[in-house]
Amino acid sequence: MGNLNRMVAGYAAPTLVTGQRRILGFEKPADIEAGVTAVLSPASYGSFGDEGMIQGSRDSIVAASGKAQLFTPGPVEPWTAMGVTGVRSIDGIIALGRMHMDARKLRRLTRAERMVVLGADSIDGAYGIRSISQRVSLLNVAAAQGRRAELANFSFRRNPSSDALTALRRLDKRVRLTARDKNSQRRATEALQRAVGVFPDVAAYMKPGQSAVIDSLRAWVAGRDRPVVVLVPNAHLAAFDGTGYKEVARRFQAYMVALLDAGFAVVVLPHDVREKPGDIAMSEQLMVGMPHDDVMLAVPRNAQEAKGMLSLADVVVTARMHAGVAALSQGVPCVGLDYVDKFAGQFQWYGAEQFVVAWEDNPKPHLVAELSRLALSQAGNAHPSTPDFVKAPPPWLR
């Protein structure tokens, strides 16, 4: 049934979007408010990566003296629970069939001058066609209403799905595209035969939090007589390439032992606090049998708190890309355990692509430890600082 639904959606979605584009030729300009940017999250609340992209968007818009409006597919309650306020749902403007947007309802929903859709991983078809069709429709409607429309912050895999490409090729030519890494920029340019800009992942702009939990971790780090590595596991990898939960946990525990043997103290930090895929449970499992003095579990409440914790590390080893973005954007050296081919592009922005290894290559524990020591030695004694390009606004604010 799932394959049938995808097949039907893959045929119907581009057809609906094509028909809507013809109708939009009669659309009147919207009553817009200058300086207001509406940002749509790539998905309903998920990991800290989703939160980082929304918070980073808001922080950079405010820094540019603009006004941000935040939107999400799905309910707003999960965002509110994580401390992200002011998010509104777009579900009320999704039209019949759930593959395109109602132009009149969008006009009533926001007067934003800019409409920015954050693409993240979903734009190449990895997570289905309906969401892509909705976003193409939203951007086409926004452009027809005289708004500045942009599909931004997306990765683009080597092998995008054919129905995703069909839908994306229906994008209005006035819609600007901005990938989040140069590999994705090249692939999207070739696949869509149109100009594609590039800029680092917007989560880099999120400000780190301050809390008692961060202060407690700071005190623990200061009490170590050895460098501290923050290890960020990813239980989601159990479903990736058939690895399995036990094997994922075993590999991360082996990395911990190798890092301890290499002279590091280790902080285990889950970067996704949802019950599924289960990063907290895996992190707790990794602590069993480890030396008490040199290993600590730190569970952040939200993405901002996680970024504050990551700033305290001497080096980070992460299987979550946005934990890497949070570290590197603060000048903290980082080793990335890449999957679905999205880490390398982000690490390139920080001159750290040599510290990315592919998870599917099953990197040996001693290699992860050696890369951690090398990343730390290259950083030297310099105080971590924000890279200059993170201080400049994203292209869609210029």
Side-chain angles (χ1 to χ4, degrees), residues 41 45-63 68 70 72 76-87 201-224 227-235 264-275 277-284 286-287 292-334 383-387 390-391:
S41 167
Y45 186 87
S47 69
F48 287 170
D50 294 316
E51 184 184 337
M53 286 182 281
I54 279 291
Q55 296 277 35
S57 297
R58 173 155 56 191
D59 288 350
S60 56
I61 291 167
V62 171
L70 307 181
T72 182
V76 302
E77 287 77 13
W79 294 93
T80 305
M82 298 304 291
V84 186
T85 59
V87 181
D201 191 287
V202 74
Y205 292 92
M206 179 183 62
K207 296 178 180 178
Q210 298 181 8
S211 68
V213 176
I214 296 174
D215 292 340
S216 176
L217 179 59
R218 182 179 290 108
W220 186 87
V221 169
R224 301 309 100 194
V228 174
V229 60
V230 171
L231 176 65
V232 182
N234 186 352
F264 290 99
V266 179
V267 175
V268 180
L269 188 150
H271 205 253
D272 186 332
V273 297
R274 295 171 296 173
E275 184 176 354
D279 283 14
I280 293 180
M282 178 173 286
S283 298
E284 292 172 343
L286 296 179
M287 299 294 295
H292 176 73
D293 290 341
D294 291 323
V295 175
M296 180 178 182
L297 173 64
V299 181
R301 188 179 72 89
N302 54 34
Q304 288 179 307
E305 194 165 81
K307 187 166 185 175
M309 291 177 170
L310 289 162
S311 72
L312 304 175
D314 293 297
V315 64
V316 171
V317 175
T318 179
R320 289 275 183 182
M321 189 197 78
H322 279 102
V325 170
L328 292 166
S329 65
Q330 299 180 97
V332 177
C334 191
H383 183 73
S385 61
T386 302
V390 179
K391 301 173 184 176

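Note that the structure is predicted; figures quoted are calculated from it, not measured. Quick note: residue numbers are just sequence positions, from 1.
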Seminar exercise, completed: Distance col, row Asn234:CG vs Met321:CE, nearest 0.5 angstrom, shows 12.0 Å
Exercise. Once you round to the nearest 0.5 Å, how far does NZ of Lys391 lie from OG of Ser60?
Worked result: 16.0 Å
Exercise. What's the shortest heavy-atom distance between Gly56 and Tyr205, and which atoms?
Worked result: O-CB, 3.4 Å
Exercise. Which atom pair, heavy atoms only, marks the closest approach of Cys334 to Gly324?
Worked result: SG-CA, 3.8 Å
For this session: Start with the C-alpha gap between Val299 and Ile280, add the side-chain angles, then the distance that decides, and say whether side-chain contact (heavy atoms from CB on, under 4.5 Å) holds.
Result: CA-CA 8 Å; Val299 181; Ile280 293 180; 3.9 Å; yes
Exercise. Is the backbone N or O of Ile54 less than 3.5 Å from a side-chain atom of Arg58, with the two atoms forming a donor-acceptor pair by type?
Worked result: no
For this session: Calculate, to the nearest 0.5 Å, the distance between atoms CZ and CG belonging to Phe264 and Asp314 respectively.
Result: 8.0 Å
For this session: Taking the side chain as every heavy atom from C-beta outward, state whether Val315 and Pro227 have any atom pair closer than 4.5 Å.
Result: no
Exercise. Side chains of Leu231 and Ser283: closer than 4.5 Å at any heavy-atom pair?
Worked result: no
Problem set entry | Heavy-atom closest contact (Thr72 atom, Trp79 atom, distance) | OG1-NE1, 3.0 Å
For this session: Evaluate the side-chain contact (heavy atoms from CB on, under 4.5 Å) criterion for residues Val213 and Ser216: first the C-alpha distance (whole Å), next the side-chain angles of each, then the deciding distance (0.1 Å), finally the verdict.
Result: CA-CA 5 Å; Val213 176; Ser216 176; 5.6 Å; no
Exercise. Where the side chain of Asp279 meets the backbone of Val273, is there a donor-acceptor pair that is under 3.5 Å apart?
Worked result: no
For this session: Rounded to the nearest 0.5 Å, what's the gap from NE2 on His322 to CG on Asp201? Could you check?
Result: 3.5 Å
Seminar exercise, completed: In Ile214, Val267, Val332, Val230, the residue satisfying side chain to side chain contact (heavy atoms under 4.5 Å, CB included) with Leu310 is Val230
Exercise. Is a side-chain donor or acceptor of Lys307 paired with a backbone partner of Ala204 at a separation under 3.5 angstrom?
Worked result: yes
For this session: Might you point out which heavy atoms bring Ala298 and Met309 nearest each other, and give the distance in Å?
Result: CB-SD, 4.1 Å
Exercise. How long is the gap from NZ on Lys207 to CD on Gln330, to the nearest 0.5 Å?
Worked result: 13.0 Å
Seminar exercise, completed: For Gly52 and Ala303 the tightest heavy-atom approach is N-CB, 4.2 Å
Exercise. Roughly how far, to the nearest 0.5 Å, is CG of Leu217 from CD of Glu305?
Worked result: 10.0 Å
For this session: Could you pull out the closest heavy-atom pair between Met206 and Gln304, with the gap in Å?
Result: SD-CG, 3.7 Å
For this session: Take His271 and Thr318 through the side-chain contact (heavy atoms from CB on, under 4.5 Å) test and state the conclusion after the steps.
Result: CA-CA 9 Å; His271 205 253; Thr318 179; over 6 Å; no
